[in-house]
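Below: one structure, written as structure tokens.
Counting from 1, the numbers follow the sequence of the chain as shown. Read the numbers this way: they start at 1 and go in the same order the structure lists the ligands and their atoms.
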Amino acid sequence: MRYRISENEVKWAQETFGLIEKKISAECDRIGSRMPYIPVDGHYHDMGEEHLTWWTNSFWAGILWQMYHALGDKKYADSAVGLEERLDKALEDYQNLDHDLGFMWCHTSVAHYRLLKDERAKLRGLHAAAILASRFQPAGNYFRAWNTPGESVAIVDCLMNLPLLYWGSEVSGNDSWKRLAMAHADTALKEILRPDGSSNHIIKYDTETGEVAEKPGGQGYGEGSSWTRGLAWAVYGMSLSYRYTGKQEYLDAAKRTAHYFIAGAAVNDYDVVIDFRAPREPVYYDNTAAVCAACGLLELSEHVGEYEKELYVAPALRLLHRITERFCNWNASEDGITTKGSARYHREEDREVPIIYGDYFLVEAVLRLLDKDFLIW
Ligand code: GLY
């Protein structure tokens with residue numbers, strides 16, 4: 001086992017995976033190839049019908065591929081392939097796609113290609129990588145996040161899209177995609193992440209000169225705050241950039257952001273709030289940040305020395321235990337496992353609700369602990 005956890009922890013992970021399997025199997029029978037986001041009255045609607053280019057539309061496929069990899073049950077692969085095929089229309093909708101091509105096609109086509117060597121899936125993944133590469137802004141050296149006319153921003157979340165380009169470079173031999181990904185990661189080191197280990201969410205650029213114009217708070221509490229999911233993206237994203245490039249600065253940044261995340265989580269006994277630099281009251285949780293950070297910490301632990309691993313594995317376990325003790329819905333007739341996830345600080349409708357990416361990271365984390373995951377990023 002690569003995390004060398006105790007027998008008790010292995011037993012706990014096995015039991016948790018037993019609960020996950022029952023729930024996801026029932027959801028798979030209900031949901032099939034639909035695209036879940038946030039359940040309403042205990043049930044997902046199909047985001048693919050409403051907004052096919054929405055950034056979260058592939059996390060369900062990611063869950064299905066992880067389940068297929070762990071269990072070998074073809075029903076998971078069939079539903080994931082159905083979802084991937086539905087996304088072909090999104091791939092044609094060039095002007096409505098944003099930088100989240102990594103989230104959308106790593107969890108579908110890249111996973112499909114990695115597990116089953118499907119050639120059509122490989123082409124879809126490369127096509128998505130080419131579109132992401134086309135968003136690179138040479139004035140400023142970053143990938144443009146969204147499509148608001150007259151505005152150009154880089155956001156911390158994009159660190160999780162870079163693996164699409166690292167993968168694309170490996171399978172196509174097109175090294176320039178890897179270089180663009182590293183240029184964006186270098187800009188994140190300079191402008192997005194702060195020296196103290198916390199992170200900005202958004203950097204607004206002057207589109208002509210590429211100079212930084214503003215650093216607004218984005219989905220966190222406000223300017224200068226520390227949005228926790230953004231920080232989780234940084235921990236995991238920088239660890240992944242290190243995995244693909246071996247550049248020491250990325251590993252150091254992953255450690256710094258991990259240390260800030262762990263310190264912030266420890267303040268509330270490892271229950272994670274939406275922003276580590278927001279007023280203590282009201283308490284708003286974001287468990288999607290907790291499970292994403294747990295995966296990032298586990299990834300990070302794989303790249304450090306033997307006597308350092310525990311620094312990251314132990315808090316990952318603490319975060320996961322808190323989630324399963326207090327924030328999981330195991331009722332198989334209702335959709336969504338991880339409760340109290342928050343898309344953003346300042347909007348009540350999507351605060352403290354189950355969100356599909358929370359479930360993805362929970363599944364990945366538990367499978368990592370059992371050595372039954374595969375690298376989807
Ligand atoms: N990538 C957008 C978010 O984390 O909400």
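The aromatic ring centroids of F103 and W233 lie less than 6.0 Å from each other. If you look at Y285 and F327, their ring centroids are closer than 6.0 Å. Taking the ring centroids of H99 and F143, they lie at or beyond the 6.0 Å cut-off.
Per-residue contacts place Q219 under 4.0 angstrom from the following atoms of ligand 1 (heavy atoms of the residue considered): 3 (C), 5 (O).
Between the K75 side chain and the S25 main chain, a donor and an acceptor come within less than 3.5 Å of each other.
By the 3.5 Å distance cut-off applied to N or O atoms, W227 is not counted among the residues near ligand 1. The shortest N or O to N or O distance between W233 and ligand 1 is under 3.5 Å.
With a heavy-atom cut-off of 4.0 Å, R229 touches ligand 1 through its side chain alone.
The nearest protein atom to atom 1 (N) of ligand 1, hydrogens excluded, is given as D157 OD2, 2.7 Å; this is a heavy-atom distance.
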Donor-acceptor contacts, no H, no angles, side chain residues 104-113, under 3.5 Å, sequence neighbours left out:
| from | atom 1 | to | atom 2 | distance (Å) |
| --- | --- | --- | --- | --- |
| T108 | OG1 | M104 | O | 2.8 |
| S109 | OG | E84 | OE2 | 3.0 |
| H112 | ND1 | E84 | OE1 | 2.7 |

